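Notes to accompany the following structure.
Each residue takes its place number in the sequence, starting with 1. These numbers come from a predicted model, not from an experiment.
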Amino acid sequence: MYQKAYGIIETLSPLHVGATAGEENGNLNLIFRDQFTQTGIIPGSSLRGRFRAEMRFRDGQDENEWYGHEAESGVTDSTTESRVKFEYASIAWLPVFCPGQPVVWVSCPRLLQRYKRIAGISDELPELYTASQSLNAPQIDGQYKLFFNFGFLKLGEKKNLQAWFPDKKERPAVIVKDDEISMIHDMALYRQSRVKLHDDEKKVEHFFNVEALPESTIMVFPVAVRTKEDLQSWPPFGDNATNEDEMYFGGLESIGFGHCSVNLYRKRQDSNTI
């Protein structure tokens with residue numbers, strides 16, 4: 001029997017999960033993207049690998065019990081099934097720079113529908129171009145308008161969107177169309193150009209660019225745990241029974257990428273944490 005849970009990730013620094021930095025000399029090291037919305041994701045294998053690595057360094061805990069035994073060279077049937085199943089993490093809310101705001105969190109129906117399914121939210125999806133009550137958009141010719149670097153959006157009515165944020169704290173936010181989110185997403189990405197110098201002289205050997213999800217991105221992922229006991233039996237963050245921790249995902253950790261806050265919850269939003 002599987003016990004269902006879900007996790008919320010909020011990035012505390014830019015997050016790059018994709019091409020390895022430096023392997024595409026002179027090109028852009030892209031992040032992994034969802035095939036439909038073209039927005040950033042964290043594959044389930046990356047989530048599982050990080051949680052496994054965290055347990056590896058804790059005394060008295062067996063990573064193989066929860067995440068399966070790895071294959072051993074020359075040994076048949078050395079692998080075992082993982083008791084914890086991770087699906088990919090998708091964006092729920094993406095922070096975007098907007099003149100005069102300066103930050104607005106943006107989402108679309110497809111991303112919110114997945115969040116609704118995973119977290120068990122009972123509210124109906126907000127209408128397109130619904131803005132949060134805390135969004136301070138100017139009213140021009142009787143119409144609220146939100147300005148981006150590439151243009152502006154004509155907003156619909158303002159509603160309380162607290163139910164759609166994991167911490168129940170409303171932020172300046174707006175819902176856009178599924179076919180608009182990819183353009184806004186690419187505008188919001190953090191990008192950095194880097195170079196590799198020769199070992200013996202200050203001369204550029206080659207350069208590469210990297211893109212990353214920006215700080216304060218909110219992501220969601222489902223978890224299933226095969227256990228006859230309560231979910232409390234799975235110790236993702238150790239034996240201290242905490243449901244929140246800070247972890248590093250993806251690459252470029254040594255230069256400040258990938259720092260995230262992770263919270264784990266039972267299936268329903270109105271339930272307690274694990």
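- Relative ring orientation between Phe221 and Phe86 is described as tilted, the plane-to-plane angle lying within the 30° to 60° band.
- Phe257 and Gly251 make their closest contact through CB-O, 3.4 Å (heavy atoms, listed as atom of the first residue, atom of the second, distance).
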List the atom pairs, with distances to 0.1 Å, where a side-chain N or O of residues 134-147 and a protein N or O form a donor-acceptor pair under 3.5 Å, not counting sequence neighbours.
residue: Ser134; atom: OG; partner: Ser132; partner atom: OG; Å: 3.4
residue: Ser134; atom: OG; partner: Arg171; partner atom: O; Å: 3.1
residue: Gln143; atom: NE2; partner: Leu155; partner atom: O; Å: 2.5

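- By the side chain to side chain donor-acceptor pair (under 3.5 Å) test, Thr217 pairs with no residue at all, sequence neighbours left out.
- With values rounded to the nearest 0.5 angstrom, Ile41 atom CD1 is found 7.5 Å from Phe32 atom CZ.
- Geometrically, Arg114 engages Tyr88 in a cation-pi contact defined by less than 6.0 Å to the ring centre and at most 45° from the axis.
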**Asked** Would Val174 and Thr130 count as a side-chain contact (heavy atoms from CB on, under 4.5 Å) if you check the C-alpha gap in whole Å, the side-chain angles of each, and the deciding distance to 0.1 Å?
**Response** CA-CA 6 Å; Val174 65; Thr130 297; over 6 Å; no
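- Leu153 CG to Tyr129 OH: the interatomic distance, rounded to the nearest 0.5 Å, is 6.0 Å.
- Within the model, atoms CG of Leu128 and SG of Cys108 stand 9.5 Å from one another, a figure rounded to the nearest 0.5 Å.
- Both Tyr190 and Ile255 sit in one connected hydrophobic cluster of ILVMFWY residues. Membership requires side-chain heavy atoms under 4.5 Å apart, directly or through other members.
- Contact annotation: the side chain of Val176 approaches that of Ile184 to within less than 4.5 Å [non-hydrogen atoms, C-beta and beyond].
- No continuous path of hydrophobic side-chain contacts links Leu15 to Tyr248 [ILVMFWY only; heavy atoms under 4.5 Å].
- The same ILVMFWY cluster, assembled from side-chain heavy atoms under 4.5 Å apart, contains both Val220 and Ile121.
- In summary, Arg50 and Glu253 engage in a salt bridge, as defined by a charged side-chain N under 4.0 Å from a carboxylate O.
- Under the 4.5 Å side-chain criterion, counting only non-hydrogen atoms from C-beta, Ile175 is not in contact with Glu127.
- Phe97 and Leu189 are members of different hydrophobic clusters when ILVMFWY side chains are connected at heavy-atom separations under 4.5 Å.
- No donor-acceptor distance shorter than 3.5 angstrom exists from the side chain of Gln101 to the backbone of Cys98, with no hydrogens or angles considered.
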Practice task
Evaluate the criterion side-chain contact (heavy atoms from CB on, under 4.5 Å) for residue pair Leu125 and Gln113; output intermediate values, then yes/no.
Solution key: CA-CA 7 Å; Leu125 285 176; Gln113 183 62 50; 3.1 Å; yes
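- No donor-acceptor pair under 3.5 Å is formed between the side chain of His16 and the backbone N or O of Leu213.
- You'll find the side chain of Leu47 reaches within 4.5 Å of the side chain of Phe249, heavy atoms only.
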I'd like to know whether Arg110 forms a salt bridge (Lys or Arg N to Asp or Glu O under 4.0 Å) with Asp179, so could you lay out the CA-CA distance, the side-chain angles of the two residues, the decisive distance to 0.1 Å, and finally the verdict. CA-CA 10 Å; Arg110 187 176 184 89; Asp179 59 3; over 6 Å; no
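- The heavy-atom pair separating Pro95 from Val103 by the smallest distance is CB-CG1, 3.8 Å.
- Between Asp123 and Lys159 no salt bridge is recorded (no basic side-chain N to carboxylate O distance below 4.0 Å).
- Across all their heavy atoms, Gly40 and Ile31 have their closest contact at CA-CD1, 3.9 Å.
- Linking Ile, Leu, Val, Met, Phe, Trp and Tyr residues whenever their side-chain heavy atoms come within less than 4.5 Å places Val225 and Val262 in a single cluster.
- Summarising the geometry of Val17 relative to Pro43, their closest heavy-atom pair is CG1-CD, 3.7 Å, with the distance given to 0.1 Å.
- Here the side chain of Glu244 pairs no donor or acceptor atom with the backbone of Leu264 at under 3.5 angstrom.
- The heavy-atom pair separating Ala131 from Leu161 by the smallest distance is C-CD1, 4.2 Å.
- In this structure, the side chain of Thr11 engages the main chain of Pro214 through a donor-acceptor pair within 3.5 Å.
- For the atom pair CD1 (Ile8) and SG (Cys260), the distance works out to 12.5 Å, reported to the nearest 0.5 Å.
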With side-chain contact (heavy atoms from CB on, under 4.5 Å) as the criterion, how do Ile218 and Ile91 come out once you've worked through the C-alpha distance, each side chain's angles and the decisive distance to 0.1 Å?
CA-CA 6 Å; Ile218 300 172; Ile91 293 173; over 6 Å; no
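- The distance from atom OG of Ser46 to atom CZ of Phe51, rounded to the nearest 0.5 Å, is 12.0 Å.
- Few gaps surround CD on Gln133; more than 12 heavy atoms of other groups in view lie less than 6.0 Å from it.
- In this structure, the side chain of Ser182 does not engage the main chain of Gln38 through any donor-acceptor pair within 3.5 Å.
- Glu246 and His259 share a side-chain donor-acceptor pair at under 3.5 Å.
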Next item on the list: Take Asn160 and Glu170 through the test side-chain contact (heavy atoms from CB on, under 4.5 Å) and record every step on the way to the result.
Entry: CA-CA 7 Å; Asn160 189 325; Glu170 192 181 53; 3.8 Å; yes
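- Nearest approach of Leu94 to Ala188, heavy atoms of both residues: CD2-CB, 3.9 Å.
- Atoms OG and CG, from Ser216 and Leu12 in turn, are 7.5 Å apart once rounded to the nearest 0.5 Å.
- Salt bridge annotation for Glu87-Arg48: absent, with no cationic side-chain nitrogen under 4.0 angstrom from a carboxylate oxygen.
- Between the side chain of Trp93 and the backbone N or O of Met219 there is no donor-acceptor pair closer than 3.5 Å.
- Counting heavy atoms from C-beta on, the side chains of Val96 and Met187 come closer than 4.5 Å.
- Tested against His185 for a side-chain contact (heavy atoms from CB on, under 4.5 Å), the candidates Thr39, Thr37, Leu111, Val106 yield a single pass: Thr39.
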